[in-house]
Amino acid sequence: MGIEIDGVHHITLRVSDLERSRSFYAGVLGLAADQDFPGEKLRFRLGPYTRLVLHPPLPGTSSEDRFTERRIGLDHLSLGVRTRAELDRLVSVLRGSGVRTEGVREPGVVNFRDPDGIAWECYEQPG
C-alpha cells in the first residue's frame, strides 16, 4: 500500500548569501516572503501550499562549493505555471534582470539558474 502524498510541503536550499538570494527570489521572481529570520532563514511561498526555505551554508562549508547537477542528488527544481503568456513574462523578467535563459522551449518550459547556480525550470501546465 502506497503513501498518499498531497503535494510538496517545502523545499529547503542552502545558499551562499541570503541577501543575494532574497534579491533574486523576491526581486527577480517576485516571490512573497512569509518568514524572515535575518542571517538564519528566509521562507517564500510557492503557490498556496508549498514553501521555499533558504538557509545559509553550514559551518565548514567551502566557499568554493557550488550546486552541480553532475553529483548524485538534486538535478533541478521545476515549478508549474498555468499559461504560455506567464512563461513569456518570466523570460522577459529574467532577461531584464540579467539572468541567462534560452527563452521558452517546447513543450513549454523555461530554464534558468539562481545566483548559486541551482537549476530551475518553469513548466506550462494548463489547469
Legend entry - Glu64: salt bridge (charged side-chain N to carboxylate O under 4.0 Å, His left out) partners, not counting sequence neighbours: none
Inset, instruction - Give the minimum heavy-atom separation between Val15 and Leu18, together with the two atoms involved. - result: CG2-CD2, 3.9 Å
Legend entry - Euclidean distance, Thr50 OG1 relative to Leu52 CG, rounded to 0.5 Å: 10.0 Å
Legend entry - Which residues share a side-chain contact (heavy atoms from CB on, under 4.5 Å) with Asp34, sequence neighbours left out: Arg43, Arg45, Arg51
Inset, instruction - For Ser23, enumerate each residue passing the side-chain contact (heavy atoms from CB on, under 4.5 Å) test, keeping only those at least two apart in sequence or located in another chain. - result: none
Legend entry - Leu29-Tyr49 co-clustered via ILVMFWY side chain contacts under 4.5 Å: no
Legend entry - Under 4.5 Å side-chain linkage, directly or through intermediates, the cluster mates of Tyr123: Val109
N/O donor-acceptor pairs under 3.5 Å from side chains in residues 68-75, not counting sequence neighbours:
{"from": "Thr68", "atom 1": "OG1", "to": "Arg70", "atom 2": "N", "distance (Å)": "3.1"}
{"from": "Glu69", "atom 1": "OE1", "to": "Arg113", "atom 2": "NH1", "distance (Å)": "3.2"}
{"from": "Glu69", "atom 1": "OE1", "to": "Arg113", "atom 2": "NH2", "distance (Å)": "3.2"}
{"from": "Glu69", "atom 1": "OE2", "to": "Arg113", "atom 2": "NH2", "distance (Å)": "2.7"}
{"from": "Arg71", "atom 1": "NH2", "to": "Asp65", "atom 2": "OD1", "distance (Å)": "2.8"}
{"from": "Arg71", "atom 1": "NH2", "to": "Arg66", "atom 2": "O", "distance (Å)": "2.7"}

Inset, instruction - Would you check if Tyr25 and Leu13 make a side-chain contact, meaning some heavy-atom pair closer than 4.5 Å? - result: yes
Legend entry - Nearest heavy-atom neighbours spanning Gly39 and Pro56: O-CG, 3.4 Å
Inset, instruction - Would you please test Val28 and Val93 for side chain to side chain contact (heavy atoms under 4.5 Å, CB included) and show each step? - result: CA-CA 7 Å; Val28 175; Val93 167; 4.1 Å; yes
Legend entry - Donor-acceptor under 3.5 Å (Ser97 side chain, Val99 main chain): no
Inset, instruction - With sequence neighbours left out, write down each residue that passes side-chain hydrogen bond (donor to acceptor under 3.5 Å, both in side chains) with Arg82, or none if nothing qualifies. - result: none
Legend entry - Residues forming a salt bridge (charged side-chain N to carboxylate O under 4.0 Å, His left out) with Arg89, sequence neighbours excluded: Glu86
Legend entry - Worked check of salt bridge (charged side-chain N to carboxylate O under 4.0 Å, His left out) between Arg95 and Glu102: CA-CA 10 Å; Arg95 288 181 174 162; Glu102 295 176 9; over 6 Å; no
Legend entry - Arg22 to Asp36 - nearest heavy-atom pair and separation: NH2-OD2, 2.9 Å
Inset, instruction - Given side chain to side chain contact (heavy atoms under 4.5 Å, CB included), test Ile11 with Phe44 step by step and report yes or no. - result: CA-CA 10 Å; Ile11 299 163; Phe44 294 99; over 6 Å; no
Legend entry - Close side-chain approach of Val91 and Asp88, heavy atoms under 4.5 Å: no
Inset, instruction - Mind jotting down which residue pairs meet the salt bridge (charged side-chain N to carboxylate O under 4.0 Å, His left out) criterion with at least one end in residues 115-127? Sequence neighbours excluded, please. - result: Arg20-Asp116
Legend entry - side-chain hydrogen bond (donor to acceptor under 3.5 Å, both in side chains) involving Arg14 - partner list, sequence neighbours excluded: none
Inset, instruction - Side-chain contact test, heavy atoms from C-beta onward, threshold under 4.5 Å: evaluate it for Leu42 versus Val53 and give yes or no. - result: no
Legend entry - Test item: Leu94 and Val110 side chains (from C-beta on) under 4.5 Å apart, heavy atoms: yes
Legend entry - Sequence-distant partners of Leu79, side-chain contact (heavy atoms from CB on, under 4.5 Å), two or more places apart: Leu46, Trp120, Cys122
Legend entry - Qualifying residues under salt bridge (charged side-chain N to carboxylate O under 4.0 Å, His left out), relative to Asp17, sequence neighbours excluded: none
Inset, instruction - Mark yes or no for whether His55, through its side chain, and Glu40, through its backbone, hold a donor-acceptor pair below 3.5 Å. - result: yes
Legend entry - Any residue meeting side-chain hydrogen bond (donor to acceptor under 3.5 Å, both in side chains) with Arg105, in chain and number order, not counting sequence neighbours: Asn111
Legend entry - Exercise: identify the closest heavy-atom pair between Ala119 and Phe67: N-CE2, 3.6 Å
